[in-house]
Chemist: 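Take this structure first; my questions come after.
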Amino acid sequence: ALGAYLKAKYEGRLTVVVGGDTRISTGMIKSGLVSGLTASGVDVVDIGVAPTPAISYLILKNGFTCGVVVSASHNPFNDNGIKFFNHKGKKFSEVEEGSLELVIFNKYELPRETGEKIGRIYDGRGILENYKKFVEGAGKYLAGLKIGIDCANGALSKIAPEVFNSLGAKVFTFFAEPDGVNINRNCGALYPEVIAEKVKELSLDLGFSFDGDGDRCIAVDEKGNVVDGDKILAIFSENFELKNKKVVATVMSNLGLEEFLKKRGIELVRTSVGDRFVSEKMEEVGAEVGGEKSGHIIVRKFLPTGDGLLTAILLASLIKEFNKPLS
């Protein structure tokens, strides 16, 4: 259905980049997806285990037609899902999702290609390095900082420690041994108290909890206090140059954030829950920073979607730059 939808919309040879998280069903679902795409004559670049925002970045960098992530984000291992990104690196809008659903639920047999017209599958694990370098490039050198990270046994289990290490931080990594069924199990962004305990126990400077697909981040300060998405938005809005003095958040965000921003002459624009709606509203009002209390943070000059690792690197870089504790 995705192949038929894309071929109706675009001309020429089409390429879709595909990745997924570490849960046991991801390989099974992804193989079906890849088979369907190639059967409809669409090429596929499979980047293997990868955080959701990497797909967005690679679409923008390489000009792919579309991107797909097989993941159920922060849910337990026995759930799974599929996220679609358009050629601009943004999650499918409701209109795009509706159009795809019309193809999925139509009662006719969808066309298939044969012979040399079927799609090819390319091993794209090497291009994931480009995403890693992109995140590294957004941060400062973090030597001297002791940082704890909870990778939720998910998609950031390998990349996150590598990025922090390459920026010179002393990294203490937890829950980075995925076995297919332990993703998000009593760890990750839904359980920030876990990394908070580690930060206090090991006297670390700060800690970060990611979710299973790596698109959100919750921080904890050196005292073990949780720094949620609202507080991260407040910190970013105060320390990044906001040209049009607007920040986008959802109806779930704390009134305290609104008051904090108001005192600084910044308007808080609210939208529906979901980082897709935050991204759409940010583009509409020209905001450079937006996000959700749950830890989806979007900094538009970098990416049009939430990125947990990027958020963590930017926050750690501010701590380093100002030489102040997160508290």
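Residues: numbered from 1 along the sequence shown.
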Chemist: Can you confirm whether the side chains of Thr26 and Asn80 place a donor and an acceptor under 3.5 Å from each other?
Modeler: yes

Chemist: Within a reach of under 6.0 Å around CZ of Arg270, are more than 12 heavy atoms found that belong to other residues, nucleotides or ligands?
Modeler: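 Yes, CZ of Arg270 has more than 12 neighbouring heavy atoms, counting only those of other groups under 6.0 Å.
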
Chemist: Using a cut-off of 6.0 Å, state whether more than 12 heavy atoms not belonging to Lys231 lie near its atom NZ.
Modeler: no

Chemist: Around Arg120, counting heavy atoms of other residues, nucleotides and ligands shown, do more than 12 lie under 6.0 Å from its CZ?
Modeler: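 No, because the 6.0 Å sphere around CZ of Arg120 holds 12 heavy atoms or fewer from other groups.
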
Chemist: What's the separation between atom CD in Glu292 and atom CG in Asp228, rounded to the nearest 0.5 Å?
Modeler: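 Reported value, rounded in 0.5 Å steps: 11.5 Å.
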
Chemist: Identify each donor-acceptor pair in which a side-chain atom of residues 319-327 lies under 3.5 Å from a protein atom, sequence neighbours left out, and give them as a table.
Modeler:
residue : atom : partner : partner atom : Å
Lys320  : NZ   : Ala143  : O            : 2.5
Ser327  : OG   : Glu222  : OE1          : 3.4
Ser327  : OG   : Glu222  : OE2          : 2.4

Chemist: Can you tell me if CD on Glu258 sees more than 12 non-hydrogen neighbours from other groups inside 6.0 Å?
Modeler: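 It does: Glu258 CD has more than 12 such atoms within range.
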
Chemist: Could you walk me through whether Lys91 and Lys83 pass the side-chain contact (heavy atoms from CB on, under 4.5 Å) check?
Modeler: CA-CA 7 Å; Lys91 283 184 179 166; Lys83 299 182 181 184; 4.3 Å; yes

Chemist: Can you sort out the partners of Glu109 under side chain to side chain contact (heavy atoms under 4.5 Å, CB included), two or more places apart, ordered by chain and number?
Modeler: Arg112

Chemist: List, one per line, each side-chain donor-acceptor pair under 3.5 Å for residues 48-63, sequence neighbours excluded.
Modeler:
residue : atom : partner : partner atom : Å
Thr52   : OG1  : Asp213  : OD2          : 2.6
Ser56   : OG   : Gly89   : O            : 2.7
Asn62   : ND2  : Leu58   : O            : 3.1

Chemist: So for atom CG, which belongs to Leu110, do other residues, nucleotides or ligands contribute more than 12 heavy atoms lying within a distance under 6.0 Å?
Modeler: yes

Chemist: What verdict does the salt bridge (Lys or Arg N to Asp or Glu O under 4.0 Å) test give for Arg23 and Asp21, after you've listed the backbone C-alpha separation in whole Å, the side-chain angles of each residue and the deciding distance to 0.1 Å?
Modeler: CA-CA 6 Å; Arg23 66 194 74 219; Asp21 67 21; 2.8 Å; yes

Chemist: Could you tell me whether Arg300 sits above the aromatic face of Phe302, with NZ or CZ closer than 6.0 angstrom to the six-membered ring centre and within 45 degrees of the axis?
Modeler: no

Chemist: Mind checking whether Tyr131 and Phe134 have parallel, tilted or perpendicular rings, split at 30° and 60°?
Modeler: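 Ring orientation of Tyr131 relative to Phe134: tilted.
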
Chemist: Can you establish whether the number of heavy atoms outside Lys9 located under 6.0 Å from its atom NZ is more than 12?
Modeler: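 Yes - once you tally the heavy atoms of other residues, nucleotides and ligands closer than 6.0 Å, there are more than 12.
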
